[in-house]
Amino acid sequence: MNILKKIMTAIRGGSRELGEAIIDSQGARIFEQEIEDAKEGLKNAKHDLTQVMAKEMQASRKIDILQKDIEKNESFINDALEKNEEALALEIAGKVSELEADKSMQVEAQRSYASHIAKLKGLMEKAERQLKDYERQLTMVKTTENVRKATATITDNFGTTNSTLLSAKESLERIKQKQQDFDDRNLAAEKLDNETNGKNLSDKMKDAGIGDKESGAQAVLARLKAKQKT
Amino acid sequence: MNIEDYAIRLSQYRTQEGYTFDCQTISGEVDVLQVEMNEFECFPVFLTKTNNQILCIVYLWSEDEIKTDKRVEMLEMMLDTSISIPLSAYARVGNRFVIYGALSVSSSLDKVVEEIVTLNENAIDVITAMEDFLK
(Lines give C-alpha, C1' and ligand atoms only; values in the text may rest on other atoms or scores of the structure.)
Protein backbone atom coordinates (compact mmCIF):
# COMPACT_ATOMS: atom_id res chain seq x y z
CA MET A 1 0.00 0.00 0.00
CA ASN A 2 1.61 3.26 -1.10
CA ILE A 3 0.09 5.87 1.17
CA LEU A 4 1.65 8.86 -0.59
CA LYS A 5 -0.06 7.81 -3.82
CA LYS A 6 -3.39 7.64 -2.02
CA ILE A 7 -2.77 11.08 -0.50
CA MET A 8 -2.13 12.43 -4.02
CA THR A 9 -5.36 10.90 -5.31
CA ALA A 10 -7.29 12.41 -2.43
CA ILE A 11 -5.77 15.87 -3.05
CA ARG A 12 -6.56 15.62 -6.78
CA GLY A 13 -10.14 14.77 -5.87
CA GLY A 14 -10.21 17.92 -3.73
CA SER A 15 -11.16 15.93 -0.66
CA ARG A 16 -11.72 17.95 2.52
CA GLU A 17 -11.44 15.03 4.89
CA LEU A 18 -8.10 13.80 3.66
CA GLY A 19 -7.40 11.28 6.36
CA GLU A 20 -10.76 9.64 5.88
CA ALA A 21 -10.42 9.69 2.13
CA ILE A 22 -7.13 7.85 2.30
CA ILE A 23 -8.16 5.16 4.71
CA ASP A 24 -11.65 4.91 6.11
CA SER A 25 -12.03 4.16 9.78
CA GLN A 26 -12.14 0.44 9.09
CA GLY A 27 -9.03 0.69 6.95
CA ALA A 28 -7.23 2.64 9.68
CA ARG A 29 -8.16 -0.06 12.17
CA ILE A 30 -6.83 -2.73 9.84
CA PHE A 31 -3.64 -0.72 9.44
CA GLU A 32 -3.25 -0.29 13.19
CA GLN A 33 -4.04 -4.00 13.61
CA GLU A 34 -1.24 -4.85 11.21
CA ILE A 35 1.13 -2.79 13.30
CA GLU A 36 -0.06 -4.56 16.45
CA ASP A 37 0.38 -7.96 14.76
CA ALA A 38 3.88 -7.07 13.63
CA LYS A 39 4.75 -5.98 17.17
CA GLU A 40 3.27 -9.18 18.63
CA GLY A 41 5.18 -11.29 16.11
CA LEU A 42 8.34 -9.49 17.04
CA LYS A 43 7.75 -10.11 20.74
CA ASN A 44 7.19 -13.83 20.14
CA ALA A 45 10.24 -14.07 17.92
CA LYS A 46 12.34 -12.44 20.65
CA HIS A 47 11.02 -14.91 23.20
CA ASP A 48 11.76 -17.88 20.91
CA LEU A 49 15.17 -16.48 20.18
CA THR A 50 16.19 -16.28 23.84
CA GLN A 51 15.06 -19.88 24.36
CA VAL A 52 16.96 -21.20 21.37
CA MET A 53 20.03 -19.20 22.34
CA ALA A 54 19.89 -20.73 25.83
CA LYS A 55 19.67 -24.21 24.33
CA GLU A 56 22.57 -23.48 22.04
CA MET A 57 24.70 -22.38 24.99
CA GLN A 58 23.74 -25.52 26.92
CA ALA A 59 24.72 -27.71 23.98
CA SER A 60 28.10 -26.02 23.60
CA ARG A 61 28.72 -26.37 27.34
CA LYS A 62 27.89 -30.08 27.14
CA ILE A 63 30.27 -30.47 24.20
CA ASP A 64 33.09 -28.95 26.29
CA ILE A 65 32.38 -31.28 29.19
CA LEU A 66 32.19 -34.35 26.95
CA GLN A 67 35.41 -33.37 25.21
CA LYS A 68 37.23 -33.11 28.53
CA ASP A 69 35.76 -36.46 29.59
CA ILE A 70 36.94 -38.06 26.37
CA GLU A 71 40.46 -36.67 26.81
CA LYS A 72 40.58 -37.88 30.41
CA ASN A 73 39.48 -41.38 29.45
CA GLU A 74 41.91 -41.50 26.56
CA SER A 75 44.73 -40.88 29.00
CA PHE A 76 43.34 -43.67 31.16
CA ILE A 77 43.50 -45.98 28.11
CA ASN A 78 47.17 -45.01 27.65
CA ASP A 79 47.84 -45.75 31.33
CA ALA A 80 46.08 -49.13 31.04
CA LEU A 81 48.04 -50.04 27.90
CA GLU A 82 51.31 -49.10 29.59
CA LYS A 83 50.41 -51.48 32.40
CA ASN A 84 49.46 -54.15 29.82
CA GLU A 85 45.86 -54.14 31.04
CA GLU A 86 44.47 -54.80 27.52
CA ALA A 87 40.99 -55.84 28.73
CA LEU A 88 40.59 -52.76 30.91
CA ALA A 89 41.80 -50.54 28.04
CA LEU A 90 39.18 -52.03 25.78
CA GLU A 91 36.51 -51.42 28.42
CA ILE A 92 37.52 -47.74 28.74
CA ALA A 93 37.66 -47.46 24.95
CA GLY A 94 34.03 -48.60 24.91
CA LYS A 95 33.16 -45.77 27.27
CA VAL A 96 35.07 -43.26 25.08
CA SER A 97 33.18 -44.44 22.04
CA GLU A 98 29.89 -43.85 23.90
CA LEU A 99 31.07 -40.37 24.91
CA GLU A 100 32.04 -39.62 21.33
CA ALA A 101 28.60 -40.68 20.09
CA ASP A 102 27.06 -38.43 22.73
CA LYS A 103 29.32 -35.56 21.69
CA SER A 104 28.52 -35.88 18.01
CA MET A 105 24.81 -35.76 18.90
CA GLN A 106 25.35 -32.55 20.87
CA VAL A 107 27.40 -31.04 18.03
CA GLU A 108 24.55 -31.85 15.68
CA ALA A 109 22.04 -30.23 18.08
CA GLN A 110 24.21 -27.14 18.50
CA ARG A 111 24.51 -26.76 14.73
CA SER A 112 20.75 -26.98 14.35
CA TYR A 113 20.17 -24.40 17.15
CA ALA A 114 22.67 -22.05 15.55
CA SER A 115 20.90 -22.18 12.21
CA HIS A 116 17.57 -21.68 13.98
CA ILE A 117 19.01 -18.57 15.68
CA ALA A 118 20.16 -17.14 12.37
CA LYS A 119 16.72 -17.77 10.90
CA LEU A 120 14.91 -16.13 13.82
CA LYS A 121 17.21 -13.11 13.71
CA GLY A 122 16.47 -12.75 10.01
CA LEU A 123 12.72 -12.93 10.69
CA MET A 124 13.00 -10.36 13.43
CA GLU A 125 14.87 -7.92 11.22
CA LYS A 126 12.25 -8.39 8.54
CA ALA A 127 9.47 -7.72 11.06
CA GLU A 128 11.30 -4.62 12.34
CA ARG A 129 11.58 -3.25 8.81
CA GLN A 130 7.92 -3.98 8.14
CA LEU A 131 6.92 -2.32 11.41
CA LYS A 132 8.99 0.80 10.68
CA ASP A 133 7.40 1.00 7.24
CA TYR A 134 3.82 0.65 8.58
CA GLU A 135 4.53 3.30 11.18
CA ARG A 136 6.06 5.68 8.63
CA GLN A 137 3.05 5.32 6.34
CA LEU A 138 0.60 5.78 9.18
CA THR A 139 2.56 8.91 10.15
CA MET A 140 1.96 10.28 6.65
CA VAL A 141 -1.78 9.83 6.96
CA LYS A 142 -1.93 11.22 10.48
CA THR A 143 0.30 14.22 9.67
CA THR A 144 -1.77 15.09 6.60
CA GLU A 145 -4.91 14.90 8.68
CA ASN A 146 -3.36 16.81 11.58
CA VAL A 147 -2.13 19.72 9.43
CA ARG A 148 -5.56 20.01 7.79
CA LYS A 149 -7.27 20.07 11.15
CA ALA A 150 -4.73 22.49 12.64
CA THR A 151 -5.26 24.86 9.72
CA ALA A 152 -9.02 24.64 10.21
CA THR A 153 -8.54 25.36 13.93
CA ILE A 154 -6.36 28.39 13.18
CA THR A 155 -8.72 29.73 10.52
CA ASP A 156 -11.71 29.25 12.85
CA ASN A 157 -9.84 31.06 15.60
CA PHE A 158 -9.15 34.04 13.35
CA GLY A 159 -12.80 33.98 12.34
CA THR A 160 -14.09 34.09 15.90
CA THR A 161 -11.64 36.73 17.17
CA ASN A 162 -12.77 39.03 14.36
CA SER A 163 -9.26 39.29 13.04
CA THR A 164 -8.17 37.85 9.76
CA LEU A 165 -4.95 36.38 8.58
CA LEU A 166 -3.31 39.36 6.90
CA SER A 167 -2.14 39.00 3.35
CA ALA A 168 1.57 38.40 2.99
CA LYS A 169 2.23 41.89 1.65
CA GLU A 170 0.26 43.54 4.42
CA SER A 171 2.12 41.50 6.98
CA LEU A 172 5.44 42.41 5.45
CA GLU A 173 4.55 46.12 5.46
CA ARG A 174 3.45 45.88 9.07
CA ILE A 175 6.63 44.05 10.02
CA LYS A 176 8.87 46.50 8.20
CA GLN A 177 7.06 49.40 9.84
CA LYS A 178 7.33 47.88 13.30
CA GLN A 179 10.98 47.05 12.79
CA GLN A 180 11.63 50.60 11.66
CA ASP A 181 9.82 51.87 14.76
CA PHE A 182 11.84 49.50 16.89
CA ASP A 183 15.10 50.63 15.31
CA ASP A 184 14.11 54.29 15.66
CA ARG A 185 13.22 53.78 19.27
CA ASN A 186 16.51 52.02 19.90
CA LEU A 187 18.40 54.82 18.21
CA ALA A 188 16.56 57.47 20.21
CA ALA A 189 17.12 55.58 23.43
CA GLU A 190 20.80 55.24 22.65
CA LYS A 191 21.10 58.94 21.92
CA LEU A 192 19.29 59.84 25.11
CA ASP A 193 21.44 57.42 27.03
CA ASN A 194 24.61 59.00 25.68
CA GLU A 195 23.44 62.48 26.54
CA THR A 196 22.35 61.69 30.08
CA ASN A 197 25.42 59.60 30.75
CA GLY A 198 27.65 62.35 29.38
CA LYS A 199 26.00 64.94 31.57
CA ASN A 200 26.20 62.79 34.63
CA LEU A 201 29.86 62.15 34.06
CA SER A 202 30.83 65.79 33.69
CA ASP A 203 28.76 66.63 36.73
CA LYS A 204 30.48 63.98 38.75
CA MET A 205 33.88 65.15 37.54
CA LYS A 206 33.08 68.70 38.46
CA ASP A 207 31.93 67.60 41.90
CA ALA A 208 35.20 65.74 42.38
CA GLY A 209 37.24 68.70 41.11
CA ILE A 210 38.45 66.69 38.15
CA GLY A 211 38.65 67.81 34.55
CA ASP A 212 38.80 71.56 34.89
CA LYS A 213 42.56 71.88 34.75
CA GLU A 214 42.80 75.64 34.94
CA SER A 215 40.79 75.91 38.12
CA GLY A 216 42.80 73.01 39.49
CA ALA A 217 46.08 74.81 38.85
CA GLN A 218 44.73 77.97 40.28
CA ALA A 219 43.66 76.08 43.35
CA VAL A 220 47.16 74.68 43.78
CA LEU A 221 48.68 78.11 43.29
CA ALA A 222 46.31 79.63 45.75
CA ARG A 223 47.10 76.95 48.25
CA LEU A 224 50.88 77.42 47.87
CA LYS A 225 50.57 81.18 48.05
CA ALA A 226 48.60 80.79 51.21
CA LYS A 227 51.38 78.57 52.61
CA GLN A 228 54.09 81.14 51.77
CA LYS A 229 52.25 83.85 53.61
CA THR A 230 52.27 81.89 56.84
CA MET B 1 5.56 17.29 26.29
CA ASN B 2 2.12 18.32 25.14
CA ILE B 3 1.11 21.68 23.71
CA GLU B 4 0.49 23.22 27.16
CA ASP B 5 3.95 22.15 28.33
CA TYR B 6 5.48 23.88 25.34
CA ALA B 7 3.42 27.00 26.05
CA ILE B 8 4.69 27.16 29.63
CA ARG B 9 8.31 26.40 28.86
CA LEU B 10 8.48 28.68 25.81
CA SER B 11 6.95 31.57 27.78
CA GLN B 12 9.78 31.27 30.29
CA TYR B 13 12.50 30.88 27.68
CA ARG B 14 15.01 33.56 26.78
CA THR B 15 17.47 32.97 23.94
CA GLN B 16 21.08 34.11 23.97
CA GLU B 17 20.04 36.93 21.64
CA GLY B 18 17.49 37.97 24.25
CA TYR B 19 14.39 36.84 22.37
CA THR B 20 11.37 35.87 24.41
CA PHE B 21 8.13 34.27 23.28
CA ASP B 22 4.48 35.00 23.60
CA CYS B 23 2.39 31.84 23.48
CA GLN B 24 -1.29 31.31 23.02
CA THR B 25 -2.95 27.93 22.82
CA ILE B 26 -5.76 27.49 20.33
CA SER B 27 -7.93 24.52 21.09
CA GLY B 28 -9.89 22.73 18.45
CA GLU B 29 -10.01 19.28 16.94
CA VAL B 30 -6.21 19.49 17.03
CA ASP B 31 -4.42 21.61 19.64
CA VAL B 32 -2.30 24.36 18.18
CA LEU B 33 0.14 26.72 19.85
CA GLN B 34 0.57 30.19 18.40
CA VAL B 35 4.05 31.52 19.15
CA GLU B 36 5.20 35.07 18.57
CA MET B 37 8.64 36.49 19.24
CA ASN B 38 8.47 39.57 21.40
CA GLU B 39 11.60 41.43 20.32
CA PHE B 40 11.30 40.58 16.67
CA GLU B 41 8.23 41.76 14.81
CA CYS B 42 7.27 38.73 12.86
CA PHE B 43 4.78 36.16 11.70
CA PRO B 44 3.04 33.92 14.17
CA VAL B 45 4.45 30.41 14.19
CA PHE B 46 1.87 27.68 14.68
CA LEU B 47 3.10 24.61 16.48
CA THR B 48 1.26 21.31 16.38
CA LYS B 49 2.20 17.80 17.42
CA THR B 50 1.59 14.35 15.95
CA ASN B 51 2.74 10.97 17.30
CA ASN B 52 6.29 11.40 16.11
CA GLN B 53 6.64 14.94 14.84
CA ILE B 54 6.47 18.53 15.99
CA LEU B 55 5.41 20.74 13.11
CA CYS B 56 6.14 24.46 13.13
CA ILE B 57 4.24 26.33 10.43
CA VAL B 58 4.16 29.93 9.20
CA TYR B 59 1.37 30.81 6.77
CA LEU B 60 2.81 32.84 3.92
CA TRP B 61 0.15 33.70 1.35
CA SER B 62 -2.93 32.21 -0.24
CA GLU B 63 -3.56 31.32 -3.89
CA ASP B 64 -5.63 34.48 -4.48
CA GLU B 65 -2.69 36.70 -3.50
CA ILE B 66 -0.54 35.40 -6.37
CA LYS B 67 -0.31 37.31 -9.67
CA THR B 68 -1.94 34.84 -12.08
CA ASP B 69 0.60 35.34 -14.86
CA LYS B 70 3.52 34.80 -12.48
CA ARG B 71 2.17 31.72 -10.71
CA VAL B 72 4.17 29.04 -12.54
CA GLU B 73 7.36 31.07 -12.28
CA MET B 74 6.74 31.46 -8.57
CA LEU B 75 6.15 27.73 -8.06
CA GLU B 76 9.35 26.88 -9.92
CA MET B 77 11.26 29.46 -7.91
CA MET B 78 9.94 27.91 -4.73
CA LEU B 79 11.06 24.44 -5.83
CA ASP B 80 14.46 25.79 -6.83
CA THR B 81 15.07 27.66 -3.59
CA SER B 82 13.50 25.32 -1.04
CA ILE B 83 16.67 23.41 -0.24
CA SER B 84 18.69 26.59 0.29
CA ILE B 85 16.50 27.75 3.12
CA PRO B 86 17.91 26.58 6.44
CA LEU B 87 15.81 24.16 8.49
CA SER B 88 12.59 24.98 6.63
CA ALA B 89 10.74 23.91 3.52
CA TYR B 90 7.74 25.20 1.57
CA ALA B 91 4.42 23.47 1.34
CA ARG B 92 0.80 24.19 0.53
CA VAL B 93 -2.06 23.42 2.86
CA GLY B 94 -5.41 23.81 1.17
CA ASN B 95 -4.97 27.09 -0.70
CA ARG B 96 -2.34 28.52 1.61
CA PHE B 97 1.37 28.42 1.01
CA VAL B 98 3.36 27.79 4.14
CA ILE B 99 6.93 27.53 5.28
CA TYR B 100 7.46 24.88 7.90
CA GLY B 101 9.92 22.83 9.85
CA ALA B 102 9.37 19.31 11.16
CA LEU B 103 11.19 18.05 14.23
CA SER B 104 11.27 14.72 16.01
CA VAL B 105 9.04 14.68 19.12
CA SER B 106 12.14 13.85 21.12
CA SER B 107 13.77 17.18 20.17
CA SER B 108 14.93 19.36 23.05
CA LEU B 109 13.28 22.72 23.70
CA ASP B 110 16.44 24.42 22.41
CA LYS B 111 15.88 22.80 19.02
CA VAL B 112 12.24 23.89 18.94
CA VAL B 113 13.30 27.44 19.77
CA GLU B 114 15.97 27.35 17.07
CA GLU B 115 13.30 26.26 14.61
CA ILE B 116 10.88 29.04 15.61
CA VAL B 117 13.52 31.77 15.35
CA THR B 118 14.88 30.46 12.03
CA LEU B 119 11.38 30.06 10.63
CA ASN B 120 10.62 33.72 11.38
CA GLU B 121 13.79 34.97 9.76
CA ASN B 122 13.17 32.71 6.77
CA ALA B 123 9.53 33.82 6.39
CA ILE B 124 10.53 37.47 6.18
CA ASP B 125 13.28 36.69 3.66
CA VAL B 126 10.92 34.58 1.55
CA ILE B 127 8.13 37.14 1.39
CA THR B 128 10.58 39.95 0.67
CA ALA B 129 12.19 37.91 -2.12
CA MET B 130 8.89 36.71 -3.58
CA GLU B 131 7.07 40.06 -3.29
CA ASP B 132 7.05 40.53 -7.06
CA PHE B 133 4.94 37.41 -7.53
CA LEU B 134 2.24 38.73 -5.22
CA LYS B 135 -0.59 41.13 -5.93
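We name chains A, B, ... by the order of the sequence lines, and we start the count at 1 in each one. Predicted model only: the values in this text are computed from it and were never measured.
Heavy atoms of other residues, nucleotides or ligands lying less than 6.0 angstrom from CE of B:Met74 number more than 12.
Within the structure, every pair that satisfies the side-chain hydrogen bond (donor to acceptor under 3.5 Å, both in side chains) test and touches residues 36-56 of chain A, not counting sequence neighbours, is listed here: A:Gln33-A:Asp37.
With no hydrogens or angles considered, a side-chain donor-acceptor pair links B:Asn52 and A:Thr139 at under 3.5 Å. Under 3.5 Å, the side chains of B:Ser108 and B:Asp110 contain no donor-acceptor pair of N or O atoms.
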- Message: Applying salt bridge (charged side-chain N to carboxylate O under 4.0 Å, His left out) to A:Arg61 and A:Asp64, what does each step give before you reach the verdict?
- Response: CA-CA 5 Å; A:Arg61 229 181 353 251; A:Asp64 283 349; over 6 Å; no
- Between A:Asp184 and A:Gln180, does a side-chain hydrogen bond (donor to acceptor under 3.5 Å, both in side chains) hold up when you go through it step by step? CA-CA 6 Å; A:Asp184 287 350; A:Gln180 188 63 54; 3.2 Å; yes
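Contact residues of residues 9-18 of chain B toward chain A are absent (heavy-atom distance under 4.5 Å). For residues 115-135 of chain B, a heavy-atom distance under 4.5 Å to chain A picks out B:Ile124, B:Ile127, B:Thr128, B:Glu131, B:Leu134, B:Lys135, given by residue number.
Side chains of B:Cys23 and B:Tyr6 form no contact here, defined as non-hydrogen atoms less than 4.5 Å apart. When side chains are defined from C-beta on, B:Val113 does not count as touching B:Tyr19, because their heavy atoms never get closer than 4.5 Å. Taking 4.5 Å as the limit, some side-chain heavy atom of B:Leu47 sits within range of a side-chain heavy atom of B:Val112.
Contact count against chain A (heavy-atom pairs under 4.5 Å) is highest for B:Thr48 among B:Asp31, B:Asp64, B:Ile57, B:Thr48.
With a threshold of 4.5 angstrom between heavy atoms, B:Tyr100 does not approach chain A through any atom at all.
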Name each donor-acceptor pair under 3.5 Å that joins a side chain in residues 104-127 of chain A to protein atoms two or more places apart or in another chain, with its distance.
from     : atom 1 : to       : atom 2 : distance (Å)
A:Ser104 : OG     : A:Ala101 : O      : 3.1
A:Glu108 : OE1    : A:Arg111 : NH1    : 3.4
A:Ser115 : OG     : A:Ser112 : O      : 3.2

